[in-house]
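Following: one structure in structure tokens, then a few remarks.
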Amino acid sequence: MHHRRARPTLRVLREDLTSGWTSPQPQRALADGRLPDLHPLSELPHPIIAKAKDAFGADPADDNYVGPIACSRQLHLREIKQSQWRGGVWEDPDTHVCWLVVGGLAKGDHQDRDDFYQRLEREDQTGDPTRWLPTDDDLRLLKQETAARLRTTWELDTQHAVLDALRAIHAGGTTRLHFHHPIPGQGHFAHADITVQPVRETDYQADEILVEITPQPRYAASNLLWQLTLRILISLEPPEQRWDRYGNTYANIAEPGAWHHRAKALSHLDHTGQLEASQPGTTSHYSHRKHLAGSTINGHAVRALCGTYFVPHQDHQTLPTCPTCQQRLNEL
């Protein structure tokens, strides 16, 4: 589940790579304790990190390194070089994730005390090189990064499935989409039925769309279901407050031909590997205070007095009040 690609430990970032950065941002994040801002660690802008990533990727058959580091006897380290920079990469035998556990500069024809190989020799003979291995903080960051990667891949796959659906039914029809759990091996998560119904009457012309999402029973009240719902709806129509909700069924109305144009716009995002961004509401709504409190924390949608469902995360004082909500509040 974890990506094998080489990544540095936090100790390497703090102690070994004190120079050579092409951006000051990683060191600032480290100093401030903003560790999640370092994701993904394998992409950090330092030459020896970039070399480690290129040398150790997904397939061990493609590994490209100098060879084992002879002076490291307690730890099996593989050597990488980039200009004056040197690094030692250790592969976790359990997860097969590759870690850049030590780094430094080659100095003074390897006679300088601070030379990379001199440091390794001293640590191997009189120290404890196992202290270089990944710590609990390193493993925690790895898990967070893996979860974010799986989630992003899942959302991109969902967006692509919605694009295929729009291409098939933009002029009318129904299709069913099946979604697996983002964690491999967890099986079926939910399915969604999407229907586009063209209406061509004398005084009313529109392309109505209906989305019905049916989860596996064990996921019915999960935050993950809400994330899937949001991704489907955002892919179809980004503005949050244009959707009407009835349980797990969502409805929207567009101008004739709008879903064809939406498929074209979504195709560009799909081609470039970008996720469509949600467009927050332009008005503030009234809802029950009890509903707002928990939903603001959990990211769930609430129903406003006007009937609109929205996720409360904006500063309502900066937006004009919804006139329908205001009218119904006055009638209470």
Side-chain angles (χ1 to χ4, degrees), residues 155-179 190-215 225-272 274-287 301-314 319-331:
E155 292 202 50
L156 284 169
D157 289 344
T158 298
Q159 181 174 270
H160 181 78
V162 171
L163 171 60
D164 285 344
L166 277 181
R167 285 170 170 165
I169 65 168
H170 65 84
T174 298
T175 189
R176 172 168 288 188
L177 306 179
H178 294 273
F179 302 98
H191 68 260
D193 295 305
I194 302 178
T195 300
V196 172
Q197 178 62 55
V199 180
R200 302 292 185 266
E201 300 175 358
T202 304
D203 56 349
Y204 177 72
Q205 296 192 9
D207 284 347
E208 299 178 351
I209 192 167
L210 197 69
V211 181
E212 185 175 3
I213 301 172
T214 306
L225 175 62
W226 179 241
Q227 295 304 319
L228 174 68
T229 301
L230 281 179
R231 180 49 51 197
I232 293 173
L233 300 183
I234 291 169
S235 299
L236 290 168
E237 179 73 348
E240 295 175 359
Q241 296 181 5
R242 289 190 184 175
W243 288 95
D244 293 323
R245 179 184 181 183
Y246 312 92
N248 283 336
T249 301
Y250 301 83
N252 208 327
I253 300 174
E255 297 290 330
W259 303 119
H260 173 67
H261 294 299
R262 179 58 192 157
K264 287 185 175 180
L266 201 58
S267 178
H268 173 72
L269 292 172
D270 183 70
H271 178 72
T272 56
Q274 300 179 68
L275 285 171
E276 177 63 274
S278 175
Q279 296 177 15
T282 56
T283 59
S284 62
H285 295 274
Y286 287 111
S287 184
V302 296
R303 187 181 184 90
L305 292 180
C306 66
T308 294
Y309 274 85
F310 68 102
V311 178
H313 60 81
Q314 296 173 268
L319 300 173
T321 302
C322 168
T324 305
C325 278
Q326 185 67 63
Q327 178 183 352
R328 293 182 179 178
L329 179 66
N330 294 338
E331 293 172 353

Closest heavy-atom pair and its distance - [X], [Y]:
| X | Y | value |
| --- | --- | --- |
| R176 | D193 | NE-OD1, 2.7 Å |
| P238 | A277 | CB-O, 3.6 Å |
| W226 | R245 | CZ3-NH1, 4.2 Å |
| P198 | A171 | CG-O, 3.1 Å |

Self-check item: Verdict with reasoning, T249 to V211, per side chain to side chain contact (heavy atoms under 4.5 Å, CB included)
Solution: CA-CA 6 Å; T249 301; V211 181; over 6 Å; no
Self-check item: Check: Q159 side chain, Q274 main-chain N or O, donor-acceptor pair, under 3.5 Å
Solution: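 Yes, Q159 side chain to Q274 backbone: donor-acceptor pair under 3.5 Å.
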If we only count heavy atoms from C-beta on, is the [X] to [Y] side-chain gap below 4.5 Å?
| X | Y | answer |
| --- | --- | --- |
| I169 | T195 | no |
| N248 | T214 | no |
| S267 | L163 | yes |
| V162 | L177 | yes |
| H268 | T272 | yes |
| E201 | D203 | yes |
| R200 | D207 | yes |
| L236 | L166 | yes |

Gap between atom [atom2] of [Y] and atom [atom1] of [X] - 0.5 Å precision:
| X | Y | atom1 | atom2 | answer |
| --- | --- | --- | --- | --- |
| N252 | L233 | CG | CG | 8.5 Å |
| L275 | E155 | CG | CD | 5.5 Å |
| D270 | H160 | CG | NE2 | 5.5 Å |

Quiz item: Tell me, which pairs form a salt bridge (charged side-chain N to carboxylate O under 4.0 Å, His left out) where one or both residues lie in residues 250-263, sequence neighbours left out?
Solution: R262-E276
Exercise. Determine, step by step, whether I253 and Y204 satisfy the side chain to side chain contact (heavy atoms under 4.5 Å, CB included) criterion, reporting the C-alpha distance in whole Å, the side-chain angles of both residues, the deciding distance to 0.1 Å, and the verdict.
Key: CA-CA 11 Å; I253 300 174; Y204 177 72; 3.5 Å; yes
Quiz prompt | Check against side chain to side chain contact (heavy atoms under 4.5 Å, CB included), L225 and I213 | solution = CA-CA 9 Å; L225 175 62; I213 301 172; 4.0 Å; yes
Practice problem: Classify the ring geometry between W243 and Y250 as parallel (under 30°), tilted (30 to 60°) or perpendicular (over 60°). | Solution: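 Correct class here is perpendicular.
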Exercise. Count the heavy atoms belonging to other residues, nucleotides or ligands that lie under 6.0 Å from NE2 of H271, then report whether that count exceeds 12.
Key: no
Practice problem: Start with the C-alpha distance between L210 and I194, add both sets of side-chain angles, then the distance that settles side chain to side chain contact (heavy atoms under 4.5 Å, CB included), and finish with yes or no. | Solution: CA-CA 6 Å; L210 197 69; I194 302 178; over 6 Å; no
